[in-house]
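Being a predicted model, the structure only gives us computed values, none of them experimental. Quick note on labels: first sequence line is chain A, next is B, and so on, each numbered from 1.
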Amino acid sequence: MVLKPSHYKSNVWIDWCPGCGDFGITAAMYRAFSELNLDPAKTVVVSGIGCSGKTPHFLNVNGVHTLHGRAIPFAVGIKLANPELTVVVNGGDGDLLGIGSGHFVAVGRRNIDILIILHNNGVYGLTKGQASPTLSKGVLTKSLSKPNIQDAVNPIALALASGYTFVARGYSMLAEHLKNLIIAGIEHRGTAFIDVLQPCVTYNDIHTVEFYRKRVYNLEDEGWSPDVKGEEQETNKKLLAAWEKSLEWGDRIPIGIFYRNTGISTFEDRLSEEIPIYKISPPSKQIISDEKGRTLIDREIFRKIFRDYIIIRKQER
Amino acid sequence: MVLKPSHYKSNVWIDWCPGCGDFGITAAMYRAFSELNLDPAKTVVVSGIGCSGKTPHFLNVNGVHTLHGRAIPFAVGIKLANPELTVVVNGGDGDLLGIGSGHFVAVGRRNIDILIILHNNGVYGLTKGQASPTLSKGVLTKSLSKPNIQDAVNPIALALASGYTFVARGYSMLAEHLKNLIIAGIEHRGTAFIDVLQPCVTYNDIHTVEFYRKRVYNLEDEGWSPDVKGEEQETNKKLLAAWEKSLEWGDRIPIGIFYRNTGISTFEDRLSEEIPIYKISPPSKQIISDEKGRTLIDREIFRKIFRDYIIIRKQER
Amino acid sequence: MSVKEANILLGGPQGAGLETTAQILTSSLAYLGYGVLADREYYSNIKGRHSYIHARISAEMIPLSLSYPVEIVGAMDSETIFTHFEDLGDGGYLIYDSSTDNRTLSSIASMEPILKNRITERLKRLGVEAKVSSLVDYLASNGRAEIVALDFPSILDTFKKRFEPEPIQASRYVSSILVGAVCGLLDIDEEAVKYGVSRRFMKKEKLIEHNVFLVNYVADYIRENYGSPYKLDNSRLSLNEMLTVMGNDVVAMAKIVGGLRYQSYYPITPASDESFFIEAFERLEVDGDSIGGIVVFQTEDEIAAITSAIGASLTGARVATATSGPGFSLMVEGLGWAGHSEVPLVITYYQRGGPSTGLPTRGGQSDLLFTLFASHGEFPRIVLASGDHIEAFYDAIEAMNYAERYQLPVIHLLDKFLANSFITMGIPDFSKIYIDRGMIVEDGEDYRRYEFNGPISPRANLGSKAVMWYTGDEHDEYGHITEDPEYRIKMYNKRMEKLDLIDKEIDPEKRAVLYGDFSADYLLVGWGFVKGVAIDSINKLRSQGLNGAYLHLKMFSPFPSSYVKSIIGSFDSDRVILVEHNYLAQAGKIVAMNTGTIIDRMIVKYTGRPIYVNELIIGIRKILEGEMRVVLSYGA
Amino acid sequence: MSVKEANILLGGPQGAGLETTAQILTSSLAYLGYGVLADREYYSNIKGRHSYIHARISAEMIPLSLSYPVEIVGAMDSETIFTHFEDLGDGGYLIYDSSTDNRTLSSIASMEPILKNRITERLKRLGVEAKVSSLVDYLASNGRAEIVALDFPSILDTFKKRFEPEPIQASRYVSSILVGAVCGLLDIDEEAVKYGVSRRFMKKEKLIEHNVFLVNYVADYIRENYGSPYKLDNSRLSLNEMLTVMGNDVVAMAKIVGGLRYQSYYPITPASDESFFIEAFERLEVDGDSIGGIVVFQTEDEIAAITSAIGASLTGARVATATSGPGFSLMVEGLGWAGHSEVPLVITYYQRGGPSTGLPTRGGQSDLLFTLFASHGEFPRIVLASGDHIEAFYDAIEAMNYAERYQLPVIHLLDKFLANSFITMGIPDFSKIYIDRGMIVEDGEDYRRYEFNGPISPRANLGSKAVMWYTGDEHDEYGHITEDPEYRIKMYNKRMEKLDLIDKEIDPEKRAVLYGDFSADYLLVGWGFVKGVAIDSINKLRSQGLNGAYLHLKMFSPFPSSYVKSIIGSFDSDRVILVEHNYLAQAGKIVAMNTGTIIDRMIVKYTGRPIYVNELIIGIRKILEGEMRVVLSYGA
Ligand SMILES: Cc1ncc(C[n+]2csc(CCOP(=O)(O)OP(=O)(O)O)c2C)c(N)n1
Ligand SMILES: Cc1ncc(C[n+]2csc(CCOP(=O)(O)OP(=O)(O)O)c2C)c(N)n1
Ligand code: SF4
Ligand code: SF4
Ligand SMILES: [Mg+2]
Ligand SMILES: [Mg+2]
């Protein structure tokens, strides 16, 4: 049975501001999930706290709305314990790149097979418009009382430096393009990251739909090829090219896949090497007792497993 | 009066393992501080937790040995409240790039005038040799029971992506070179970062003195010019070149200054623009009451400052 | 006819101008010398969910608490009518937009399904169709309420014809219709209206002109058609100047007055407004001259907020950070370092509804036990809670004094109720304010930060002439690490004995305050924002012949044990009642822990809404009739 | 002549093989059926600082506690001699390296200056020069001790001549000299030595051969020259198999047996050894077949440790994380989410010396109040503490059962004393072990994670057929956000009523255990690692005519209030004594909070070293003679 996009919409009233870019992200998710025909029971959307954090409630798949900045480690735990699940993280820019940037960097070292979607609106939406880590120095949005004193972090460059194997940018108002990125991100085996430009109509009057409409262009249209094929040499070349592209921000803002490397093992693969049964029988699936509640490990098995810690007493003299 | 390097050595017994690379870092600090003739009372060394975290106790300047991963925000508070102090952070790789990587990234957005020295030994020293975030995947040090399952983060690339304006690498066994880097880092106005290759003789038998001796070369010797002069174009060029260099890790490992940009305002400068008296009279220096403990702000001043919140009652009818 | 006080409720969608309404009204009323207390209730949402303001206006005093039913419900939208029609007292006035008469309950998307079901049920029982006009008719027909039906769109049309405002702005004038209606019912004069509007829009002459017109236009209409049923008595308050402030503002002002020079924060409701307020005054200019400068620093998270504040404190700056539950949870490790390293530090803690993200924009008092024991290991701390806006002002300054005098972290507990309620109050009494920076030394040959000379060692700052060391490890007098057992005991004792010192130095009667006397028939025990409603309820009940007292707990660490024990002990145990905004009655646990007296009667509320006089009175009666635990629930 | 038990202390620089010494000795002794308890004391340092092992060996029982003085001090270096000479009982044996005779105290760089000063003073008072030979002479001459002077270098020479080990390794044989000396004094036979050495070096034949030679060589020398003054009685223990394990190991084994499938951790002393142990068994192979697989995940910090464990738990895996104070401080926010969202989660919490970084490699019990109230807001949790290795085993499994049965976080409190002490114990009794996963459902049409049917809603896992939502906000039955006040009360009550349910279901006598009876003359009240020393001290005092009892508190939330109250209440209040490893006597605070009984007599220790029988006995006597508070301090 193929599920239509509308099936992925929950019956919770969406309480984002009318016109918010988050609607576009959610719509693209409905459509991507539908095209991939994801089983709602095997799909988990994990979010942090913020306007973006409410996303899971609006989707009719499993939703885990966690803590500010912690969506990634929650998602990592879910995925490692049950690798058969499709796990998508939705986070704000404050969430993923401010309070949560430690986790953002760390997950890059693991290449766990999840997709991370950044709701990049330049502000802390739900706390009423303070500057987020993606807002440039000197910018004065209507929610600020004076120009931003901190500089912006570059999400694409940071993801590349952190080892992400799929790095892309989308724009919430280009739903079809974003949908395709989401599909590609989910299909990618490894940690995928999509920086989504998301206008906040209420607090950010700089990065508006108008602002992006004029600037955004599609990398693909310019023949960009993000894919690493083969050796390290090539990896470095592609990485550097992507870094260079990541610096483009001004009159022209590129969207699309910046970098993709399918040659790095996922963390799940690495775990399987350590623990051969991991993939068939991950932590969530294992049976640990019989029906009567007796442990799998009984006295005899215990003695075998821990034999190095057991001392058999010298026979009485 | 010029203080000799030995003056900067405290009388605390140094309890690092004999042969530890941390000795080299400390020695380079003694010498750099001496060459700069730093006033011990106006110098603060801030550290996290780990073998590296003990550093301040071995130096005869102010020392603040903080929490695991938090040396940067402590240092930021010290510097912002008293910008006349020279503030140096010493942190382990677990400290700065594992638990503390959120702060590591965030400080790049501010360009606060501090120097951060990374004790990069590939392991969690003080907790007995677990893999640190700089240890590559598959590496098996003698302290590990199986090859490392997580990949390494690239400190230089990460610092560049985070906006650091001075990014360098040193090697703890090349004390003269390292001393010069430390001097340059302290003299740099803005956030400076030195990734110091630091052999851990007890737990890391891969990244040994022998290992580095064969590989380390000096960027300067190859005519590397790290300095950004002028416009954005140039910034991006230098940044990309530095990123490219940061990928060099194998038979040849570059040390020296990768990137330096003196054209970005420091956070302190930005604060001065907001608060004109900030530099002459930073938070630590202000007098807030008279000798009798009366507040600077009396009733009349209060009425002036907060006049927008005060309502004068309509005269009685 | 005129009244001594009026209770009103104004509701509408979040983001539609309700705050403007409240500000104009409060200013106008303050201008006439009335006391106002106004609570803001809102969802964790930016636009569209239901929010409301619930206020008491008094000609006799500064109101300390709120109560239901109200005399006026002003509805910006139909959700307000459905949600609050039962909050209106018999004969009260419902102001609403008659153009929405055909709105049905089921069509209101922003209303929570749970509530919608409940209202549907209720209307069914009342035999009323779930439609605005039907509900209004019902209220009108059985004399339950007077209906002030205003056709908002047509009023706006009249207005637009006259002023031609920009189209996008027109909707933003809706709030002035409500203000006008209320001004009519309370008979607020034109001068006061003008004053209130002018303050809200500061110098924006056009906006002022428009809104003054609109308010007066509606007010006149009301006066003509309904009279002014709640015309207020002339104010008998003696204040000639009034601050109109929210709790956040009061604390911010106090910190500025008290010499705060570094505040770090990470945005969080309901704490961050305080930091924005301080930031607005970062230059501290008086008549164009700067008398100081305050660094307000937005950090990357709360861990950086507390640790950078500690760093700043080590340099001698007067520092604080402000946060709420989730933020404080992240500060716990830093708190321990500060306590262990004897760093002066104030944490202003605005409680909200927990646990976890909980009810992030609602109030609560469920973090008390947490603040007392947060962080691993043992170290001294002061935990201080304020009961109202005025207390909050003085306490915020005391907190900074205590922190520096005793060289330790001070947690100043407030809550969302206080933070987000407007009040009119007098200008603080400066004779009660002082600054105490503790024992500071400047130069330091062989300086020892932790010199053994009693619990407090003279403090030199980083940047002074002394060289010093700090560490989170156990340390010697210089601040270097030691694991020596004898030293350990001495240093540990030195730290912990601060609690005895403070216990000796700060008067117990400042730490727990008894309102009423020992002859009372019953004793309420509470803290924080409970103060106002407890005192008012006692007063109400006194007029009904029941004589009560209220024990207001202010400092929980160090706890004024024997003083509290003696007070509680002089009441029969079945006449002592805890009143708290949490489930466990946490202050009661602290009383038990410190005095051995278990108070087993309690009135608690944890819906995130404040306790109202009407329900507390009933609660007290129930307890006095033998119930052990009453859970309050009033309020939408 | 032979003895029933022996107490020994072996010291040397950290990293020089002391652990090897302990492992060999313990294995040899266990092989002969003796009970051993051995505590490891060390600095927060990798190499060079002083560390020591303090053990009791018994032919009659598994020792529960340690005591001073000891019969044997074995010194690897001169720092040990200076530090511990007074720990040696009259007539005891000092084993030392006579080649260090000329070492002076002042030349020992690794010794803390504070301690050095103290020893200098002490020696001055004794009239002894601060030099090894002088101190040894002093001990020998006044009959204070027997001196076993071994010339380590020359022994090593003999050995080297015979085996020609690689030069770098020779120094690593020093530990075998000590083992040999001890084996000589205790008369451990060659077979046992061989057994012990073989187990330590597993299959490394050469190392085994060398070390067996060396141990026996020295042991023979000792037997010849000193006899075997502490020849042990034949063991009367009935165990034929013994586990020789540290506390960390025991808990790890229990978790494996109990079905743990996901453990996250961030390295921290003294918790991480547990995770390494589990990781070593990640494949769970028995006879080459895997019967499961455990993911042990080293995270980037403790925040990720707890949050990823929560994530894993949501999928139905049995999960835990293990940490110590600083790590737990960072987990507080995640803990609240788990409590609020009703997630089964075990946190194994190894207490160390606080506050802050404190004494990171020493023990303590100062985190109890913190664990009870950690995180903002209110939610149910279980806090369970184990008193010894055996309890720890069963408790670790129970903790996981409770977590899943009641769908909440369980904090399992242990401490460094337990974590880092070796013990010999029997193989657990599998008839006492069971697995309870609580109410799990598989498919889920219209599944409601928080269905209102009592405190526990049937749990479906992420990945089952159900679709569900989780949030840290207050939520409805589906897990969607709600701010509705009525729902709030219902959901809040549902959560909190778990505590009543647990209180009903878990026998109070399991949560607090009385050793001894009501007729006793005094009652000790303690928890955790205090158990052993409390019971042993009571036994000791009983033989001196004082009849005591010990109340062992095991579960602090929910607290078995009436049971504890009834026990404590049956003793005169001046005969009830708290014994704790903290300053405040924290368990006493919890007793007061829950029962209203303030226990005001206490024996506390917070030097980071364990409480010893010798000092506890004195402490008890002092209290019984009228002192209110005794602070213990024995141990270097
Ligand atoms: C630990 C913690 N600190 C602060 C908050 C308050 N808070 C709620 S939402 C938010 C910021 C949201 O900004 P962002 O992540 O950019 O998401 P957006 O609302 O813009 O989608 C903050 C700081 C919190 N919930 N938890
Ligand atoms: C919050 C917290 N978690 C864990 C620890 C335990 N810990 C002490 S040192 C250390 C790691 C040190 O490694 P690194 O930062 O690389 O420093 P190094 O010892 O290698 O210099 C850890 C995890 C701690 N002190 N605090
Ligand atoms: S505040 Fe901004 S980000 Fe949040 S819902 Fe409104 S428009 Fe969207
Ligand atoms: S463990 Fe490694 S890093 Fe630590 S002191 Fe020893 S050699 Fe240095
Ligand atoms: Mg945002
Ligand atoms: Mg390291």
Handout entry: Heavy-atom pairs under 4.5 Å with chain C, option from Ile297(B), Ile49(B), Ile311(B) with the top count
Key = Ile311(B)
Handout entry: Heavy-atom side-chain proximity of Asp290(B) to Ile435(C) below 4.5 angstrom
Key = no
Practice task
Would you mind telling me which of Pro428(C), Gly259(C), Gly336(C) has the largest number of heavy-atom pairs within less than 4.5 Å of chain B?
Solution key: Gly259(C)
Handout entry: Donor-acceptor under 3.5 Å (Asn62(B) side chain, Leu462(C) main chain)
Key = no
Completion exercise
Given Ile72(B), Ile277(B), Val76(B), Val87(B), the one with more heavy-atom pairs under 4.5 angstrom with chain C than any other is Ile277(B)
Fill in the blank from the handout: Honestly, the part of Pro282(B) sitting under 4.5 Å from a heavy atom of chain C is neither
Problem - Contact leader toward chain B among His475(C), Arg318(C), Glu191(C), Met242(C), where contacts are heavy-atom pairs under 4.5 Å - result: Met242(C)
Exercise for the section: Considering only heavy atoms and a distance below 4.5 Å, find which of Tyr434(C), Tyr470(C), Tyr31(C) pairs most often with chain B. Expected result: Tyr31(C)
Handout entry: From CD (Gln286(B)) to CD1 (Ile294(C)), nearest 0.5 Å
Key = 8.0 Å
Practice task
Please look at Ser464(C) and chain B and tell me whether the side chain, the backbone, both or neither of the residue comes under 4.5 angstrom of a heavy atom of that chain.
Solution key: backbone
Problem - Heavy-atom contact with chain C under 4.5 Å, split by part of Leu59(B) - result: backbone
Completion exercise
Comparing Lys79(B), Lys54(B), Glu274(B) against chain C, the one with the most heavy-atom pairs below 4.5 Å turns out to be Glu274(B)
Problem - Which atom of Pro283(B) lies closest to which atom of Tyr262(C), heavy atoms considered - result: CB-CB, 4.5 Å
Completion exercise
Rounded to the nearest 0.5 angstrom, the OG-NZ distance for Ser235(C) and Lys314(B) is 12.5 Å
Handout entry: Segment of Ile310(B) engaging chain C (4.5 angstrom heavy-atom cut-off)
Key = both
Completion exercise
Interatomic distance, CH2@Trp469(C) vs NE2@His57(B), rounded to 0.5 Å, equals 9.5 Å
Practice task
Measure the shortest side-chain to side-chain distance between Phe277(C) and Phe306(B) over non-hydrogen atoms and say whether it is less than 4.5 angstrom.
Solution key: yes
Practice task
Let me know if Val64(B) has heavy atoms under 4.5 Å from chain C in its side chain, its backbone, both or neither.
Solution key: both
Fill in the blank from the handout: Which of Val250(C), Leu243(C), Ile427(C) passes side chain to side chain contact (heavy atoms under 4.5 Å, CB included) with Tyr309(B)? It is Leu243(C)
Practice task
Could you have a look at Ser289(B), Ala71(B), Pro73(B) and say which one has the most heavy-atom pairs with chain C under 4.5 angstrom?
Solution key: Pro73(B)
Exercise for the section: Looking only at non-hydrogen atoms, find the nearest pair between Gly311(C) and Ile78(B) and report the distance. Expected result: O-CG1, 3.3 Å
Practice task
Give, as side chain, backbone, both or neither, the part of Val286(C) having an atom under 4.5 angstrom from any heavy atom of chain B.
Solution key: side chain
Exercise for the section: Could you tell me which portion of Tyr447(C) (side chain, backbone, both or neither) has an atom closer than 4.5 angstrom to a non-hydrogen atom of chain B? Expected result: neither
Practice task
Determine yes or no for a side-chain-to-main-chain donor-acceptor pair under 3.5 angstrom, with Arg199(C) supplying the side chain and Asp308(B) the backbone.
Solution key: yes
Handout entry: Closest-packed option against chain C by number of heavy-atom pairs under 4.5 Å, given Leu296(B), Leu80(B), Val44(B), Val46(B)
Key = Leu80(B)
Problem - Contact summary for Ala41(B) and Ala466(C), nearest pair of heavy atoms - result: CB-O, 3.8 Å
Handout entry: NZ/Lys42(B): more than 12 non-hydrogen atoms of other groups inside 6.0 Å
Key = yes
Practice task
Sort out for me which of Arg110(B), Lys304(B), Lys292(B) touches chain C most, counting heavy-atom pairs under 4.5 Å.
Solution key: Arg110(B)
Handout entry: Toward chain C, the part of Asp39(B) with a non-hydrogen atom under 4.5 Å
Key = neither
Exercise for the section: Quick one: sort the Phe393(C) and Phe302(B) rings into parallel, tilted or perpendicular, breaks at 30° and 60°. Expected result: perpendicular
Problem - Ile301(B) side chain reached by Phe430(C) side chain, heavy atoms, under 4.5 Å - result: no
Handout entry: Interface residue of largest heavy-atom contact number with chain B, from Arg437(C), Glu285(C), Glu282(C), under 4.5 Å
Key = Glu282(C)
Fill in the blank from the handout: Honestly, the part of Leu271(B) sitting under 4.5 Å from a heavy atom of chain C is side chain
Handout entry: 4.5 Å side-chain heavy-atom contact, Leu32(C) and Arg313(B)
Key = no
Practice task
Against chain C, label Ser281(B) side chain, backbone, both or neither, depending on which of its atoms sit under 4.5 Å from a heavy atom there.
Solution key: neither
Fill in the blank from the handout: Under 4.5 Å to a heavy atom of chain C? For Ile312(B) that would be both
Practice task
Please flag which part of Asn401(C) lies under 4.5 Å from any non-hydrogen atom of chain B: side chain, backbone, both or neither.
Solution key: neither
Handout entry: chain B interface, residue from Ser341(C), Gly293(C), Gly316(C), Ala30(C) that has the most non-hydrogen pairs under 4.5 Å
Key = Gly293(C)
Problem - Within-4.5 Å side-chain heavy-atom neighbours: His103(B) and Ile303(C) - result: yes
Practice task
Heavy-atom pairs under 4.5 Å with chain B are the metric here; pick the option from Leu284(C), Asp436(C), Val257(C) that has the most.
Solution key: Val257(C)
Practice task
Can you measure from CG (Leu314(C)) to CG (Asn82(B)) and round to the nearest 0.5 angstrom?
Solution key: 11.5 Å
Exercise for the section: Might you point out which heavy atoms bring Leu85(B) and Gly463(C) nearest each other, and give the distance in Å? Expected result: CD2-CA, 3.6 Å
Practice task
Let me know if Asp429(C) has heavy atoms under 4.5 Å from chain B in its side chain, its backbone, both or neither.
Solution key: neither
Practice task
Side chain from CB out, backbone as N, CA, C, O: work out which of these in Arg109(B) comes under 4.5 Å of a heavy atom of chain C, or both, or neither.
Solution key: neither
Handout entry: chain B contact via Phe297(C) - side chain, backbone, both or neither, heavy atoms under 4.5 Å
Key = side chain
Handout entry: Which atoms of Ser290(C) approach chain B - backbone, side chain, both or neither, heavy atom under 4.5 Å
Key = side chain
Practice task
Search all heavy atoms of His65(B) against all heavy atoms of Thr471(C) and return the closest pair with its distance.
Solution key: ND1-OG1, 3.0 Å
Handout entry: Inter-residue atom distance His480(C).NE2 - Phe58(B).CZ, 0.5 Å rounding
Key = 9.5 Å
